[in-house]
Amino acid sequence: MKNTVILGALTVAGLAAGAASAATLDDVKARGTLNCGVSTGLTGFSAPDANGVWQGFDVAVCRAVAAAVLGDPMAVDFTPTTGQTRFTALASGEIDVLARNTTWTFSRDNDLKFEFIGVNYYDGQGFMIPKSLGVSSAKELDGATVCIQTGTTTELNLADFFRVNNINYEPVPIETNAEAQQQYLANACDVYTTDASGLAATRASFETPGDHVILPEIISKEPLGPLVRHGDSEWGDIVRWTLNALIAAEEYGVTSANIEELSASAGDNPEINRLLGTEGELGAMIGLENDWAKNAIMANGNYGEIFEKTIGENTPIGLSRGLNAQWTEGGLLYSPPFR
């Protein structure tokens with residue numbers, strides 16, 4: 001009898017958890033739009049274009065999720081967030097997912113009760129200075145004034161770096177990347193420090209990018225990725241596997257140019273068939289249609305296509321793939337199997 005009671009309690013708890021886990025998916029479907037938190041504007045990653053349409057590397061994740069869930073990559077409402085406001089917006093339910101150059105850390109994952117669903121950019125913190133200062137190493141920055149976004153891992157890493165190297169600095173607190181850019185160009189600080197990708201994006205927006213140098217030191221690990229709230233496993237799975245679909249598509253050679261042909265009928269590669277929904281029932285396992293991943297990939301292309309057109313070497317940001325290359329090319333990108 002005791003075991004029966006325990007099992008009954010577990011069953012009730014499981015049903016309650018199942019009901020709670022579907023909440024965000026149900027809300028998004030009922031609303032007809034995905035609410036996505038992004039930066040207040042970071043060229044190449046998330047910023048509105050001349051027509052006010054949000055574009056960029058992080059934006060593409062949100063559009064892929066909207067395409068997977070709603071069948072429409074444009075069914076997204078974007079909420080600009082700062083380093084200070086982003087977590088409140090997610091925790092309160094104002095946004096369904098945060099895709100905003102945010103570092104996956106232990107305390108954010110556990111203490112703040114968020115769930116990081118993967119890494120879409122492997123990064124590290126760097127320093128940018130005017131070339132005219134003649135500094136070649138971050139270890140030469142003793143006494144420098146440093147523009148730093150509050151409420152970030154960058155703020156903590158900076159203090160650690162200067163302490164370890166026994167040098168001093170004067171912080172100049174800022175809230176947004178736009179404010180940092182303004183203060184830096186006005187010489188209110190000698191140095192701007194943030195993720196190296198953010199520095200490249202910021203420098204690309206300057207009138208004379210060549211007048212500014214990103215120093216060689218990378219002082220931290222900054223695995224950047226989208227996140228959702230704890231306690232919503234089904235929604236976390238949807239966002240996680242949407243990102244995985246973009247990564248896997250590049251590995252398997254599924255592109256915006258050939259996806260229609262590959263999905264017209266089942267081919268010889270069972271992994272591609274399962275990814276595109278021509279074989280198996282993976283969509284049903286996460287409460288979506290069988291072509292969910294196809295729609296996600298069609299939104300902006302596979303991971304490599306998104307990278308190249310938003311932040312790659314042929315864009316003003318000019319980032320090489322580096323650690324963000326596929327595992328088959330010596331990078332860290334690796335999707336679990338679609339099976």
Side-chain angles (χ1 to χ4, degrees), residues 12-39 46 54 56 58-82 85-105 107-120 223-247 277 281-300 335-336 338:
V12 171
L15 289 172
S21 71
T24 305
L25 176 60
D26 291 345
D27 287 348
V28 171
K29 286 182 174 180
R31 193 191 307 131
T33 56
L34 174 74
N35 292 336
C36 181
V38 288
S39 74
S46 53
W54 283 85
D58 287 330
V59 166
V61 173
C62 299
R63 296 210 184 279
V65 173
V69 174
L70 301 169
D72 181 3
M74 301 306 291
V76 187
D77 284 337
F78 291 98
T79 299
T81 64
T82 68
T85 65
R86 55 185 165 173
F87 299 132
T88 303
L90 181 59
S92 68
E94 179 184 355
I95 56 177
D96 306 309
V97 59
L98 180 65
R100 179 205 177 280
N101 54 302
T102 296
T103 303
W104 187 351
T105 72
S107 60
R108 289 173 176 176
D109 203 339
N110 296 285
D111 192 39
L112 294 186
K113 306 301 181 188
F114 295 130
E115 181 179 355
F116 284 79
I117 58 84
V119 177
N120 71 328
L224 309 179
L227 55 153
V228 297
R229 287 176 294 278
H230 265 189
D232 202 338
S233 298
E234 182 176 294
W235 180 245
D237 288 341
I238 288 170
V239 182
R240 175 180 301 106
W241 284 95
T242 297
L243 175 59
N244 285 337
L246 302 180
I247 294 169
E281 297 291 337
L282 297 188
M285 296 180 190
I286 53 174
L288 301 180
E289 299 296 325
N290 232 30
D291 61 354
W292 66 276
K294 174 190 172 183
N295 291 337
I297 298 161
M298 288 180 64
N300 285 282
S335 169
F338 278 77

Is any side-chain heavy atom of W54 less than 4.5 Å from a side-chain heavy atom of P80?
yes

Sidechain-backbone polar pair: D77 side chain, N35 backbone, donor-acceptor under 3.5 Å
no

Check the pair N101 / S39 against side chain to side chain contact (heavy atoms under 4.5 Å, CB included), numbers first and verdict last.
CA-CA 8 Å; N101 54 302; S39 74; 4.0 Å; yes

Which heavy atom in A296 sits nearest to a heavy atom in L246, and how many Å separate them?
O-CD2, 3.7 Å

Work out which heavy atom in A66 is nearest to a heavy atom in V76; give both atom names and the distance.
CB-CG2, 3.5 Å

To the nearest 0.5 Å, how far apart are NZ in K29 and CG in D27?
12.0 Å

Taking it one step at a time, do T24 and E234 satisfy side chain to side chain contact (heavy atoms under 4.5 Å, CB included)?
CA-CA 9 Å; T24 305; E234 182 176 294; over 6 Å; no

Given V69, which partner from the list L288, I286, V239 fulfils the side-chain contact (heavy atoms from CB on, under 4.5 Å) test?
L288

Non-hydrogen side-chain atoms of L98 and F114 separated by less than 4.5 Å:
no

Tightest non-hydrogen contact, residues V61 and P226, listed as CG1-CG, 3.8 Å

Tightest non-hydrogen contact, residues A67 and A299, listed as CB-CB, 4.0 Å

What distance do T102 atom OG1 and F87 atom CZ have between them, rounded to the nearest 0.5 Å?
5.0 Å

Closest non-hydrogen contact found for N295 with G71 is ND2-CA, 4.4 Å

Should the pair D237-R240 be classified as a salt bridge under the 4.0 Å nitrogen-to-oxygen rule?
yes

Hey, is the main chain of P336 close enough, under 3.5 Å, to the side chain of N244 for a donor-acceptor pair?
no

Salt bridge R31-D96, side-chain N to carboxylate O under 4.0 Å:
yes

With sequence neighbours excluded, tell me which residues meet side-chain contact (heavy atoms from CB on, under 4.5 Å) with E94.
T79, A89, S92

Under 3.5 Å, side chain of T85 to main-chain N/O of T81, donor-acceptor pair present?
no

Do V228 and F116 make a side-chain contact, defined as non-hydrogen atoms from C-beta onward lying under 4.5 Å apart?
no

Rounded distance [0.5 Å steps], CG in L70 versus OG1 in T33
7.5 Å

From E115 CD over to W104 CH2, what is the distance, rounded to the nearest 0.5 angstrom?
8.5 Å

Roughly how far, to the nearest 0.5 Å, is CH2 of W235 from CD1 of I238?
6.0 Å

Say you draw a straight line from CZ of R86 to CZ of R100; how long is it, rounded to the nearest 0.5 Å?
5.0 Å

Closest approach of G283 and N290, non-hydrogen atoms and distance?
N-OD1, 3.2 Å

V97 vs L227 side-chain heavy atoms within contact, under 4.5 Å:
no

Does R108 reach the main-chain N or O of T103 with its side chain, forming a donor-acceptor pair under 3.5 Å?
yes

Looking at H230 and N110, would you say the former's side chain and the latter's main chain have a donor-acceptor pair under 3.5 Å?
no

